[in-house]
Amino acid sequence: RRFTHSDGLSGDNIRSLFEDREGSIWVGTRDGLDRFREFAVPAITEKQGLSNSYVGSILRGHDGSIWLGTLNGLDRWKDGEVAVYDKRYGLPDPYVLSLFEDQAGRIWLSTRRGMVYFERGKFVPVRSFPAAGSVVCIVGDGAGGIWVSGQFSLFHLDGRAVVEEIPWTKLGHKDHARILLPDPVRGGLWLGFRQGG
């Protein structure tokens, strides 16, 4: 079988080939790197029903569905079907930034106009959460608490209410944490900052 740029290859001028231990074939061209595997990777775009092809956040739900934060709302992909949840369901802003699923199965998400969670087919605003600044990351701590990395502070939510706000300057940083990771053994959070550390 012949593969060319018109088939999706990054370029027609092949410079190198390599097979890795997993059986993937890597192809180096003048225009990029391509990877071939035994199984095809399906593309899911607006043609398949997404509200927008720009997918900024992805979450695998406990039920196996894939939740996608797009520029036009929250999309759920399951069993080859796409469901779109937007302002008709109470979404305050179409641009979904970050996603998280809590222990109760609620999907938490941030938008440019605040934080909401999706429960029983509608979005519920988290009124105690400030709308200023963007949310970068949302995680759970295993004890039912939710931690949110915002542009200016780290927030701790217990249930639906903010119980603690820690400015990044209090932690000795002028930048914000891009990654949060709960430590299940020792407790607490690991924080990875935008400018290092």
Side-chain angles (χ1 to χ4, degrees), residues 8 41-141 144-168 175-182 189 191-194:
V41 177
I44 303 169
T45 65
E46 288 176 70
K47 292 177 185 176
Q48 287 75 34
L50 290 186
S51 62
N52 191 289
S53 291
Y54 179 90
V55 177
S57 51
I58 303 172
L59 170 73
R60 183 181 188 279
H62 296 133
D63 66 354
S65 60
I66 306 296
W67 295 89
L68 310 165
T70 76
L71 292 177
N72 289 338
L74 178 67
D75 296 1
R76 180 180 184 240
W77 184 75
K78 185 165 184 183
D79 300 326
E81 299 290 322
V82 177
V84 176
Y85 303 99
D86 53 20
K87 64 181 180 182
R88 296 171 293 176
Y89 298 87
L91 188 63
D93 183 75
Y95 187 11
V96 176
L97 301 168
S98 300
L99 296 170
F100 169 72
E101 183 177 15
D102 68 15
Q103 295 170 340
R106 292 180 294 230
I107 305 298
W108 292 72
L109 55 128
S110 63
T111 73
R112 295 173 297 184
R113 292 193 178 145
M115 178 90 74
V116 296
Y117 60 86
F118 189 69
E119 183 178 46
R120 296 186 184 115
K122 66 178 183 174
F123 292 102
V124 178
V126 181
R127 303 220 186 270
S128 64
F129 194 83
S134 63
V135 169
V136 181
C137 185
I138 310 168
V139 298
D141 61 14
I146 295 174
W147 293 86
V148 179
S149 175
Q151 189 174 353
F152 306 109
S153 300
L154 175 66
F155 297 91
H156 180 202
L157 287 82
D158 186 15
R160 299 176 204 163
V162 174
V163 293
E164 186 176 11
E165 178 181 358
I166 306 167
W168 295 122
D175 58 333
H176 60 272
R178 295 201 49 86
I179 303 292
L180 300 177
L181 180 67
L189 294 172
L191 309 171
F193 284 88
R194 182 172 180 255

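What you see is a predicted model, and the numbers here were worked out from it, not measured in a lab.
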Query raised in the report: If every non-hydrogen atom of V96 is compared with every non-hydrogen atom of L74, which pair is closest and at what distance?
Result: CG2-N, 4.0 Å

Query raised in the report: Once you round to the nearest 0.5 Å, how far does CH2 of W67 lie from CD1 of I58?
Result: 14.5 Å

**Report entry** Qualifying residue, where the test is side-chain hydrogen bond (donor to acceptor under 3.5 Å, both in side chains) with S153 and the options are H176, E164, E165
**Finding:** E165

Report task. Could you please spell out the steps behind the side-chain contact (heavy atoms from CB on, under 4.5 Å) verdict for T111 and Y95? Result -> CA-CA 6 Å; T111 73; Y95 187 11; 6.0 Å; no

Query raised in the report: Just wondering, are more than 12 heavy atoms of other shown residues or ligands nearer than 6.0 Å to CZ in R106?
Result: yes

Query raised in the report: Would you call the rings of Y117 and W108 parallel, tilted or perpendicular if under 30° counts as parallel and over 60° as perpendicular?
Result: tilted

Requested in this report: Looking only at non-hydrogen atoms, find the nearest pair between P182 and G140 and report the distance.
Outcome: CG-O, 3.1 Å

Requested in this report: List the steps, then state whether side-chain contact (heavy atoms from CB on, under 4.5 Å) holds for F100 with V148.
Outcome: CA-CA 10 Å; F100 169 72; V148 179; over 6 Å; no

**Report entry** CE-CZ distance between M115 and R160, expressed to the nearest 0.5 angstrom
**Finding:** 14.0 Å

Requested in this report: Tell me, yes or no, whether the heavy-atom count around I166 atom CD1, taken from other residues, nucleotides or ligands under 6.0 Å, exceeds 12.
Outcome: yes

Query raised in the report: For F155 and L157, what are the C-alpha separation, side-chain angles and deciding distance, and is it a side-chain contact (heavy atoms from CB on, under 4.5 Å)?
Result: CA-CA 6 Å; F155 297 91; L157 287 82; 4.2 Å; yes

Report summary line: Between L50 and the options L68, V84, N72, the side chain to side chain contact (heavy atoms under 4.5 Å, CB included) test singles out L68

Query raised in the report: When you look at L99 and I138, which way does the side-chain contact (heavy atoms from CB on, under 4.5 Å) test go after all the steps?
Result: CA-CA 7 Å; L99 296 170; I138 310 168; over 6 Å; no

Report task. Ignoring hydrogens and angles, tell me if any N or O in the side chain of D102 forms a donor-acceptor pair with the backbone of A104 under 3.5 Å. Result -> yes

Requested in this report: Might you point out which heavy atoms bring S98 and C137 nearest each other, and give the distance in Å?
Outcome: OG-N, 3.8 Å

Report task. Would you check if the side chain of S149 reaches a backbone N or O of R178 as a donor-acceptor pair within less than 3.5 Å? Result -> no

**Report entry** side-chain hydrogen bond (donor to acceptor under 3.5 Å, both in side chains) involving D63 - partner list, sequence neighbours excluded
**Finding:** S65, R76

Report task. Keeping to residues at least two apart or across chains, list the salt bridge (Lys or Arg N to Asp or Glu O under 4.0 Å) pairs with something in residues 82-100. Result -> D86-R88, D93-R112

Report task. Can you measure from CG (L180) to CD1 (I146) and round to the nearest 0.5 angstrom? Result -> 12.5 Å

Query raised in the report: Within the distance-only criterion (no hydrogens, no angle test), does the side chain of D175 pair as donor or acceptor with the backbone N or O of R194 below 3.5 angstrom?
Result: yes

Requested in this report: Would you please classify the geometry between the Y89 ring and the F118 ring as parallel, tilted or perpendicular, with 30° and 60° separating the classes?
Outcome: perpendicular

Query raised in the report: Heavy atoms, side chains only, cut-off 4.5 Å: are D141 and W147 in contact?
Result: yes

Query raised in the report: If only atom types and distance count, is the side chain of E101 paired as donor or acceptor with the main-chain N or O of L59 below 3.5 Å?
Result: no

Query raised in the report: Looking only at heavy atoms, which two atoms of Q48 and V82 are closest? And how far apart?
Result: O-CG2, 3.6 Å

Query raised in the report: Can you name the nearest heavy-atom pair linking S128 to A161, along with the distance?
Result: OG-CA, 3.3 Å

